[in-house]
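Positions are given from 1, in the same order as the sequence printed here.
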Amino acid sequence: MHDSLKMVNRCASCGSAMRISYDYALLKNTIDRKAFGSRAPTLWKYKELLPISSVANIVTLGEGWTPLVATRELGPGLGLKRLYLKDETRLPTGSLKDRCATVSISKAVESGVEAVVVSSSGNGASSMAAYAARAGVSCYVFVPSDAPTNKLIQSMAYGAKVTRVKGGVAGTDLMAGMVGKRRGWPNLSTAATYNPYALQGQKTGAYEIAEQLGWKVPDWVVLPVGSGNVLAGQWAGFGDLLELGLIDRRPKLAAVQAAGCAPFADAFRRRLAPSEVKPWGHPDTIAGGVRDEYPFDVELALPALRESGGTAVTVTDQEIMDTAGYLARKEGVFVEPTGAVATAGLRQLVEDRAIDEDEVVVTMLTGSGLKDPQHIGSKMPEPPTVEPGEEAVTRLLQPQ
Ligand SMILES: Cc1ncc(COP(=O)(O)O)c(C=O)c1O
């Protein structure tokens, strides 16, 4: 098999994480804004910037080109004139991890892999399981013992072999690593330290944001951080476009973490080097997708955040839930708690005067509310059950 077809997750000689790079000088001759603009609206329109050698190997469910919508109430309410929501709930399995999965599973197919393993809080697992199903590849999934039932059902429905593991992310990572090693199956967990193809998929969000804004770069992109893969991915994506001369600068990034699990925001504030970052003692937040006690991609994400001139803030679980409710009621988008984390950080960013009212701001809604409805549902009253008829109509229409 030619080397370019092989799935290589870590360097065979030194064992360190692989980084994938492109020959920008060559690519500049073949792609431009017009070429991208003329293609079908999936993330594969950027195929020259993705590490798959043959389009015949692409495993797709029509992912990408998610809506970028101007807010109706949220922006004005915060005093922001140009606030956009990048609605990643619209990806095939309901979270932005589908970007990672389409690229990772395509590469697995290209290299003839028969099975894959993944450690995940739930969304990465569902995504890999769906694309593995589509490709006819076996998928072994390891999730924390308290992962939301809906996410597990989703992975199991796709035919993945799902195992709940005690000990949080550390436990699931250990299991995925051990099973993968024993059988020689690639670990497709969505952190660059395990799987460089995940970041390659994730970076396409940045391409889409730039193209959807008419190749104008926003001033800010506001992102949730668990492992840091999403953030590092956006930075890499804008970096590719800059190298190709398709944009003239990169945006500032804002990292938002839950106050109950904030090793990354803490490291940023204390000006720590990535090597000085320690696991968070007792991760405690309802936002399972960012409950990573250690930000596995800190080596990429922390320098990216600093180089962008950006900042980091934390939000409480109450702020996350309030934001999720507001997004549903006022903007018509139903997100899971993790999907509301970035947007929940906006108030602080405006109050701190990090973000100015005239700046163009994009906040990423990363996961659908259907993934983890228990938290928001538990706060709702039981809807009434009625006998159909005049009396029920009168009662329903009574002024409150
Ligand atoms: C919905 C959602 N948003 C955000 C994240 C955080 O992404 P990352 O771990 O790459 O920082 C996750 C991770 O699982 C997620 O599921």
Side-chain angles (χ1 to χ4, degrees), residues 66-89 95-96 99 202-203 205-210 212-213 216-238 249-259 262 264-265 268-269 285 287 289-290 295 297 301-302 304-316 319-320 322-324 326-327 330-331 333 335-367:
T66 56
L68 184 73
V69 277
T71 61
R72 200 175 66 88
E73 298 230 0
L74 182 66
L78 289 165
L80 293 174
K81 292 184 186 142
R82 289 176 292 171
L83 174 63
Y84 294 89
L85 308 173
K86 179 69 172 159
D87 183 3
E88 298 281 276
T89 70
S95 94
L96 83 176
R99 295 186 186 275
Q202 208 55 263
K203 71 180 185 178
Y207 301 163
E208 291 177 19
I209 291 169
Q212 286 170 318
L213 290 174
K216 295 215 169 51
V217 179
D219 296 296
W220 285 91
V221 179
V222 185
L223 301 160
V225 170
S227 73
N229 191 255
V230 171
L231 187 141
Q234 304 322 299
W235 191 241
F238 285 112
R249 63 180 174 87
R250 292 198 260 195
K252 285 171 274 187
L253 303 180
V256 188
Q257 288 211 292
F264 186 80
F268 177 79
R269 281 192 208 130
T285 170
V290 290
D297 281 344
L302 201 51
L305 183 65
R306 290 195 174 123
E307 200 185 335
S308 83
T311 189
V313 293
T314 59
V315 290
T316 63
E319 287 170 318
I320 294 170
D322 290 349
T323 304
Y326 188 94
L327 282 167
K330 300 290 186 185
E331 302 291 349
V333 189
V335 293
E336 63 170 303
T338 309
V341 166
T343 312
L346 280 173
R347 184 167 300 284
Q348 187 71 51
L349 291 164
V350 171
E351 276 173 20
D352 290 351
R353 296 188 181 277
I355 297 184
D356 188 74
E357 60 174 10
D358 288 318
E359 289 185 306
V360 177
V361 183
V362 174
T363 171
M364 212 175 251
L365 310 185
T366 54

To the nearest 0.5 Å, tell me how far [X] [atom1] sits from [Y] [atom2].
X    : Y    : atom1 : atom2 : value
L68  : L85  : CG    : CG    : 8.0 Å
K330 : T71  : NZ    : OG1   : 13.0 Å
E357 : K81  : CD    : NZ    : 4.0 Å
K252 : E307 : NZ    : CD    : 14.5 Å
L349 : I355 : CG    : CD1   : 4.5 Å
L305 : L231 : CG    : CG    : 6.0 Å

For residues [X] and [Y], report the shortest heavy-atom separation together with the two atoms involved.
X    : Y    : answer
F238 : A210 : CE2-CB, 4.3 Å
E88  : T366 : CB-CA, 4.0 Å
R72  : E331 : N-OE1, 2.9 Å
E319 : T323 : O-OG1, 2.7 Å
A265 : V313 : CB-O, 4.3 Å
L213 : V360 : CD1-CG1, 4.4 Å

Pairwise side-chain contact, [X] with [Y], heavy-atom cut-off 4.5 Å (strictly under):
X    : Y    : value
T285 : V341 : no
T66  : R99  : yes
L346 : W220 : no
Y84  : Q212 : no
L96  : Q202 : yes

Determine yes or no for a side-chain-to-main-chain donor-acceptor pair under 3.5 angstrom, with [X] supplying the side chain and [Y] the backbone.
X    : Y    : answer
R82  : D358 : yes
Q234 : V221 : no
S308 : L253 : yes

Inset, instruction - Please indicate whether R353 has more than 12 foreign heavy atoms, meaning atoms of other residues, nucleotides or ligands, lying under 6.0 Å from its CZ. - result: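 Atom CZ in R353 is not packed in, count stays at 12 or less.
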